[in-house]
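Scope of the values below: all heavy atoms of this structure, side chains included, with no hydrogens, waters or symmetry mates. For the single chain, residues carry numbers from 1 onward in sequence order.
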Amino acid sequence: MSILGRICLAIALAGTLAGFGTVEQVEAKDSPVRILFVTQSAGFRHGSVTRKEGNLSVAERVMTELGISSNEFRVDCTQDVAKDFTKEKLEHYDIVMFYTTGKLPIAKEDLDYFFNDWLKQKGHGFIGTHSAADTFKDYEPYWDMIGGSFNGHPWGSGSTVTITNHEPNHPIVKAWGEEFTLKDEIYQFKNWQPED
């Protein structure tokens, strides 16, 4: 499994590590993979990315701990994209991960570099978690990459919904078959591109 695949699997299992307690930002030993984890909010702020008393948020601690315990990657966390999401600083990372909302204050030249050079030409990775589709909703390169943009969640956390699996043979979703029912908060999207 690729490093990006292992990281995505680790993220899917992250809820089980939330009880590990406070973990400060520490480098994983002998790991060449570096992740810039952006948890800044320019819209709704989730409790899991809210820092208290100068400590890392729960999501930041979990990702940092995953990197340490797996020894697969190192995580640097930021809630200051104006300072930390620049062309120069992106050169130190293999993956950028967003747990974000809203239009982040990233300089246009840095955002253009991120999409046109860093991702497309240099082949780096991007992971968008939970509310990442609620970020840069009106910036086409971003919603094109994500596959759509957040347009509300009319089905709240107590709603029972039936999900159609459009690619039931894909290894990531094969276990769920062609259709399944669950009780969850479901996002509605605009700029959705199912063909992609």
How long is the gap from [atom1] on [X] to [atom2] on [Y], to the nearest 0.5 Å?
{"X": "Thr64", "Y": "Leu56", "atom1": "OG1", "atom2": "CG", "answer": "5.5 Å"}
{"X": "Ser57", "Y": "Met63", "atom1": "OG", "atom2": "CE", "answer": "11.0 Å"}
{"X": "Ser149", "Y": "Phe136", "atom1": "OG", "atom2": "CZ", "answer": "13.0 Å"}
{"X": "Leu90", "Y": "Phe85", "atom1": "CG", "atom2": "CZ", "answer": "5.0 Å"}
{"X": "Trp143", "Y": "Asn191", "atom1": "CH2", "atom2": "CG", "answer": "4.0 Å"}

For [X] versus [Y], what's the shortest heavy-atom pair and its separation?
{"X": "Trp118", "Y": "Tyr93", "result": "CZ2-O, 3.3 Å"}
{"X": "Gly67", "Y": "Ser70", "result": "O-OG, 3.5 Å"}
{"X": "Ala133", "Y": "Gly148", "result": "CB-O, 4.4 Å"}
{"X": "Leu104", "Y": "Thr101", "result": "CD2-O, 3.7 Å"}
{"X": "Val33", "Y": "Ile95", "result": "CG1-CD1, 4.2 Å"}
{"X": "Gly177", "Y": "Pro168", "result": "O-CB, 3.8 Å"}

Query raised in the report: Should side-chain heavy atoms under 4.5 Å link Ile, Leu, Val, Met, Phe, Trp and Tyr, which residues sit in the same cluster as Tyr187?
Result: Phe150, Phe189, Trp192

Would you say the side chain of [Y] lies within less than 4.5 Å of the side chain of [X], judging by non-hydrogen atoms?
{"X": "Ser159", "Y": "His153", "result": "no"}
{"X": "Thr160", "Y": "Thr181", "result": "yes"}
{"X": "Phe126", "Y": "Ile146", "result": "yes"}
{"X": "Thr86", "Y": "Lys89", "result": "yes"}
{"X": "Glu109", "Y": "Asp112", "result": "no"}
{"X": "Phe73", "Y": "Leu66", "result": "yes"}

Side-chain donor or acceptor of [X] paired with backbone N/O of [Y] under 3.5 Å:
{"X": "Thr129", "Y": "Phe98", "answer": "yes"}
{"X": "Asp184", "Y": "Ile186", "answer": "no"}
{"X": "Thr100", "Y": "Ala132", "answer": "no"}

Just wondering, more than 12 heavy atoms not from [X] lying within 6.0 Å of its [atom1]?
{"X": "Lys183", "atom1": "NZ", "value": "no"}
{"X": "Glu179", "atom1": "CD", "value": "yes"}
{"X": "Ile163", "atom1": "CD1", "value": "yes"}
{"X": "Glu178", "atom1": "CD", "value": "no"}

Requested in this report: Check the pair Glu65, Val62 against side chain to side chain contact (heavy atoms under 4.5 Å, CB included), reporting the backbone distance first and the verdict last.
Outcome: CA-CA 5 Å; Glu65 178 59 32; Val62 167; 5.8 Å; no

Query raised in the report: Hey, mind stepping through Lys103 and Asp134 against salt bridge (Lys or Arg N to Asp or Glu O under 4.0 Å) and telling me if it holds?
Result: CA-CA 9 Å; Lys103 184 178 178 182; Asp134 192 25; over 6 Å; no

What pairs of donor and acceptor atoms, side-chain ones from residues 36-45 against any protein atom, are under 3.5 angstrom apart with sequence neighbours left out?
from, atom 1, to, atom 2, distance (Å)
Thr39, OG1, Glu60, OE2, 2.7
Thr39, OG1, Gln79, NE2, 3.0
Gln40, OE1, Asp80, N, 3.4
Gln40, OE1, Val81, N, 2.8

I'd like to know if [X] pairs up with [Y] as an ion pair, taking the criterion as any Lys NZ or Arg NE/NH1/NH2 lying under 4.0 Å from an Asp or Glu carboxylate oxygen.
{"X": "Arg74", "Y": "Asp94", "result": "no"}
{"X": "Lys87", "Y": "Asp110", "result": "no"}
{"X": "Lys122", "Y": "Asp117", "result": "no"}

Report summary line: Residues passing the ring pair (Phe, Tyr, Trp, His ring centres under 6.0 Å) test with Tyr99, sequence neighbours excluded, are His46, His130

Report task. Check the pair Tyr139, Phe115 against ring pair (Phe, Tyr, Trp, His ring centres under 6.0 Å), reporting the backbone distance first and the verdict last. Result -> CA-CA 11 Å; Tyr139 185 64; Phe115 282 100; 5.6 Å; yes

